[in-house]
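For the numbers below, each heavy atom of this structure counts, side chains included, while hydrogens, waters and symmetry mates do not. From a predicted model like this one, the values you see are computed outputs, not experimental measurements. A note on names: the letters A, B, ... follow the listed sequences, proteins ahead of strands, and every chain is numbered from 1.
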Amino acid sequence: MEIGAYSFGDTQRNTDGTLRSTTEAIANLFEAIKHADAQGLDYFGVGEHHTATMPASSPGAMIAAAAAATGQITLGSAASIIGTDDPVRIFQQFAIADAISGGGRVEITAGRGSSVETFPLFGHSLEEYDELYAEKLDLLMTINNATTENVTWSGTVRPALDNLAVVPRPASGKLPIWLATGGNASSSARAGQLGLPVSYGIIGGAPHRFAPLAELYRRSGAAAGHAPETLKVSVGALGFVAPTKKEALERFYPGWHNLNVEMGQLRGWPAPDKRAYLAQADAPGAYYVGAPDEVAERIAHLHGHLGHMRHFLQMDLGGIPQEHLLESITLLATEVKPRVARLLAQK
Amino acid sequence: MDIGAQEHTASRGTIGILGAGRVGTAIARLAVAAGYRVKIATSKPAAENALIIEIVTPGAEAVDAAEAAGSDLVVVAVPLHKYKSVNADALAGAVVVDAMNYWSVTDGDIADFEVDDRSSSEVVAAHLSASRVVKSFNHIGYHEMEPDSAAPGTADRRALAIASNDAAAKEQVAAFIDALGFDVVDAGELASGKAYEPGTDVFNGRFNANELSMKLRPSLVTA
């Protein structure tokens with residue numbers, strides 16, 4: 001089982017709650033990825049987000065830099081908002097990062113995005129939401145599956161490619177392309193039909209409730225003739241690791257609170273409720289917050305339901321201190337990861 | 001199907017659900033568990049949904065939209081920007097539960113819902129002009145539906161609001177919601193649905209029947 005982390009970039013806060021610079025947030029994210037690599041974490045995902053509190057708006061740029069500064073970790077987007085970006089550009093950026101990584105360490109995860117900031121930002125109409133997503137995913141796959149540098153494609157949401165070069169090609173010929181979903185059944189069926197590995201973003205409710213979706217995904221994939229080993233499942237969730245459960249809860253809560261206050265103002269989410277937080281931070285809740293033993297046990301337990309091959313956590317929410325993030329990454333890599341391996345070997 | 005199951009479903013009736021997203025499938029699972037015959041349809045032909053329905057809502061049937069529309073009660077849970085794709089003629093006379101929300105910060109602005117200050121269900125009802133529209137299920141998270149459902153009489157049972165201009169339709173929907181595991185609070189006319197749309201306290205919280213009545217009282221007074 002691969003163990004990893006993901007981040008949208010997290011902007012630090014002053015003691016009065018005001019935001020520090022987004023430049024600092026990106027520098028912190030870069031440091032966190034290098035630290036994750038040095039500690040032995042398997043995966044780091046950079047999520048595309050476009051807010052002052054989460055400014056990692058260009059995963060390709062971040063991953064290219066990280067590819068140059070790391071040695072073993074797999075790097076990917078978590079996720080790239082495919083509908084409002086240009087798949088040619090996404091592919092080119094990630095193929096360049098792949099070359100810089102030495103080949104084979106870079107992936108793309110394509111998602112719809114749960115918010116709509118990118119639509120006005122890049123001049124797209126929300127009425128085209130579904131068509132943009134479907135067609136651009138098709139274009140991204142067409143480029144990736146091409147056997148030559150020249151690609152031919154046509155659709156309705158962007159100009160056609162008539163035997164045009166899209167370079168560089170990835171070192172191993174193709175990049176892994178994952179499909180991200182928050183749990184809509186038809187997205188699982190679609191990922192299976194396309195034969196793409198699927199990445200579940202589980203940020204609320206009980207994670208084991210995704211078991212039927214994983215089954216739907218695998219059965220849809222099998223029905224479409226895809227080999228079982230190509231039908232991989234990963235899980236991205238909120239979580240935090242500290243030496244003790246008490247410390248983990250205390251360190252993660254202020255950022256969770258800040259995030260929910262902010263999202264509440266932005267999207268009308270419920271006011272933060274500490275009881276809800278505590279309920280989610282224990283099994284069977286959605287947050288993997290605790291000491292290494294508990295987090296490892298809960299990941300292994302979910303594996304019994306989903307059979308996933310990668311579990312990665314978003315830990316930096318709402319301006320948590322950078323040293324707490326780095327310690328959580330260390331514990332995830334050096335304490336949680338070997339425990340998960342032992343627990344799964346015992347099964 | 002065994003005889004007992006047939007009797008059971010016959011006693012409850014048939015629920016049609018338009019939309020197989022997270023809300024539609026959660027309601028479907030609760031309805032199957034409560035003993036209803038459940039028919040789910042999307043804009044796709046039934047055969048394309050068969051595997052999804054078999055795995056995600058075991059016990060429900062994948063049908064075409066026209067067949068689902070003929071059920072005793074129909075829940076509409078499609079993405080709101082597609083509400084006009086719901087066939088209004090097929091739903092003429094039907095009791096329709098509108099489980100949708102207008103939530104512009106996550107779904108973007110939709111012109112039909114920006115032009116005036118009607119509740120979103122009134123806009124939907126204007127499209128489904130021959131249906132008996134009841135607004136409910138919009139203020140509970142899809143992932144909360146199954147864990148929060150509880151048997152009638154359970155202490156602190158969660159309550160859901162209903163609003164409609166059709167008293168008999170409201171009664172039928174109230175019985176359905178109770179069977180699925182929630183108390184029901186009557187918020188009044190369809191226009192009162194505004195009191196539990198996104199951005200309100202009701203939308204943002206979890207309440208038992210007493211608490212929900214208190215929350216809805218100001219809007220009932222002004223309605």
Side-chain angles (χ1 to χ4, degrees), chain A residues 84 112-120 124-130 181-190 192-193 202-207 209-224 260 263-273 275-276 279-280 284-286, chain B residues 19-26 28-29 40 42-44 47-58 60 62 77-82 84-85 101-112 139-148 196-207:
Chain A
T84 50
R112 285 171 189 262
S114 67
S115 57
V116 295
E117 286 94 358
T118 59
F119 281 80
H124 289 287
S125 163
L126 268 162
E127 287 171 12
E128 296 179 293
Y129 186 90
D130 294 320
T181 165
N184 190 300
S186 58
S187 295
S188 289
R190 185 207 308 243
Q193 284 152 9
I202 306 181
I203 59 170
R209 288 186 172 274
F210 277 65
L213 296 173
E215 186 195 346
L216 171 64
Y217 164 67
R218 292 196 175 93
R219 282 182 54 184
S220 299
N260 280 274
M263 297 308 285
Q265 286 161 354
L266 208 60
R267 299 194 195 171
W269 277 12
D273 176 348
R275 288 168 308 174
Q280 291 270 36
Chain B
R22 282 165 281 200
V23 172
T25 54
R29 286 189 295 271
I40 305 181
T42 69
S43 54
K44 295 180 197 161
E48 285 186 38
N49 295 324
L51 188 62
I52 290 180
I53 300 312
E54 178 196 334
I55 296 174
V56 178
T57 59
V78 303
L80 186 58
H81 66 271
K82 293 186 177 169
K84 279 190 173 160
S85 70
N101 276 306
Y102 180 49
W103 201 354
S104 62
V105 282
T106 55
D107 304 328
D109 289 349
I110 308 176
D112 292 1
H139 64 96
I140 177 170
Y142 60 87
H143 60 275
E144 297 166 358
M145 287 187 190
E146 289 156 288
D148 284 5
Y196 51 99
E197 287 183 354
T200 64
D201 278 0
V202 174
F203 186 83
N204 286 339
R206 233 190 194 102
F207 305 101

Under a 4.5 Å cutoff for heavy-atom pairs, which residue among A:Ala276, A:Ala223, A:Ala286, A:Gly182 has the most contacts with chain B? A:Gly182
Of the backbone (N, CA, C, O) and the side chain (C-beta and beyond), which part of A:Ser220 lies under 4.5 Å from a heavy atom of chain B, both, or neither? both
Can you tell me which portion of A:Asp130 sits under 4.5 Å from chain B's heavy atoms? Options are side chain, backbone, both or neither. side chain
Tell me, yes or no, whether the heavy-atom count around A:Ile203 atom CD1, taken from other residues, nucleotides or ligands under 6.0 Å, exceeds 12. no
With rounding to the nearest 0.5 angstrom, report the CZ to CG distance, A:Arg219 to B:Leu51. 5.0 Å
Quick one: list whatever passes side chain to side chain donor-acceptor pair (under 3.5 Å) with B:Glu144, sequence neighbours left out. B:Arg158
Could I get the full list of side-chain contact (heavy atoms from CB on, under 4.5 Å) partners for B:Glu197, not counting sequence neighbours? B:Ser119, B:Ser120, B:Lys135, B:Lys194
Apply side-chain contact (heavy atoms from CB on, under 4.5 Å) to the pair A:Leu216 and B:Glu54, showing each step before the final yes or no. CA-CA 9 Å; A:Leu216 171 64; B:Glu54 178 196 334; over 6 Å; no
Indicate the atoms forming the closest heavy-atom contact of [X] with [Y], along with that distance.
| X | Y | value |
| --- | --- | --- |
| B:Ala20 | A:Ala185 | O-CB, 4.3 Å |
| B:Arg22 | A:Gly183 | CG-O, 3.5 Å |
| B:Ile52 | A:Ser186 | CD1-CA, 3.7 Å |
| B:Gly21 | A:Asn184 | CA-ND2, 4.0 Å |

Counting only non-hydrogen atoms closer than 4.5 Å, does B:Pro58 touch chain A with its backbone (N, CA, C, O), its side chain (CB onward), both, or neither? neither
Greatest number of non-hydrogen atom pairs under 4.5 angstrom with chain A, of B:His81, B:Arg206, B:Glu146, B:Glu48, falls to B:Glu146
Are A:Ile202 and B:His143 close enough that some pair of their side-chain heavy atoms sits under 4.5 Å apart? no
